[in-house]
Amino acid sequence: MKYLVRDKIFAIGDDYWIEDEQGRHAFLVDGKAMRLRDTLELKDPDGQVLITLRQKMFSLRDAMTIERDERALATVRRKRLSLLRNHYRVTLVEGTELDVSGRVLDREFTVEYEGELLAHISRQWFHVRETYAVNVVREDADAALLVAVAVCVIRMAERERED
């Protein structure tokens with residue numbers, strides 16, 4: 001399943017829809033303004049919060065937490081520096097690790113688990129520069145989590161570029 005994202009530089013307080021392949025609203029990314037730390041909520045079309053992304057406070061390295069039902073689900077951290085590719089590690093609370101690598105700022109990267117592709121994020125399918133897709137390749141994958149991971153690493157990469 002491909003989810004379409006209209007790309008823009010994200011600012012705190014920005015809200016935007018992520019659509020499915022048929023153009024229907026699949027997820028709303030709701031930026032929470034006036035918070036001490038960067039917070040985003042991924043909501044379903046009815047407004048129910050599915051996942052919350054929060055900037056981790058007092059972390060030695062830039063990190064964000066992914067929460068579901070107000071409980072930690074995962075932590076996202078920059079894995080290593082490279083001039084050509086970004087590498088992030090998503091550590092789920094039960095110990096599972098997902099690897100995110102590629103050119104995040106160019107919206108060309110993958111999410112993998114033990115070498116198996118879970119999602120491919122790309123602009124290559126579109127002629128409009130401001131649009132990219134989160135292609136969830138496994139049917140049994142948690143689409144909301146993979147979309148949240150994509151939004152999270154893009155946000156972290158944008159922040160790193162600004163610093």
message: Donor-acceptor check, side chain of D44 to backbone of A26, threshold 3.5 angstrom: yes or no?
response: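 Checked: no pair found.
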
query: Step by step, would you call V134 with K2 a side chain to side chain contact (heavy atoms under 4.5 Å, CB included)?
result: CA-CA 6 Å; V134 177; K2 283 185 187 148; over 6 Å; no

Is any side-chain heavy atom of [Y] closer than 4.5 Å to one of [X]?
| X | Y | result |
| --- | --- | --- |
| E108 | H120 | yes |
| I154 | F109 | yes |
| V149 | V100 | yes |
| E41 | I51 | no |

message: Strictly below 4.0 Å, N to O, side chains only: are E158 and R107 in salt-bridge contact?
response: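 Yes, charged N to carboxylate O under 4.0 Å.
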
query: Is the number of heavy atoms from other residues, nucleotides or ligands under 6.0 Å of E70 CD greater than 12?
result: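 No, because the 6.0 Å sphere around CD of E70 holds 12 heavy atoms or fewer from other groups.
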
query: Which atom names give the shortest non-hydrogen contact between V136 and A141, and what distance separates them?
result: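 Shortest heavy-atom separation between V136 and A141 comes out as CG1-CB, 3.9 Å.
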
query: Which heavy-atom pair separates R123 from Y132 by the least distance, and what is that distance?
result: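 Scanning both residues completely, I find the closest heavy atoms to be CG-CB, 3.6 Å.
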
field: Test applied, side chain to side chain contact (heavy atoms under 4.5 Å, CB included); reference residue, I121; option that passes from V111, T110, N135
entry: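 Of V111, T110, N135, side chain to side chain contact (heavy atoms under 4.5 Å, CB included) with I121 is met by V111 alone.
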
Separation of H25 NE2 from K43 NZ (nearest 0.5 Å):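 Going from NZ on K43 over to NE2 on H25, the span is 14.0 Å.
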
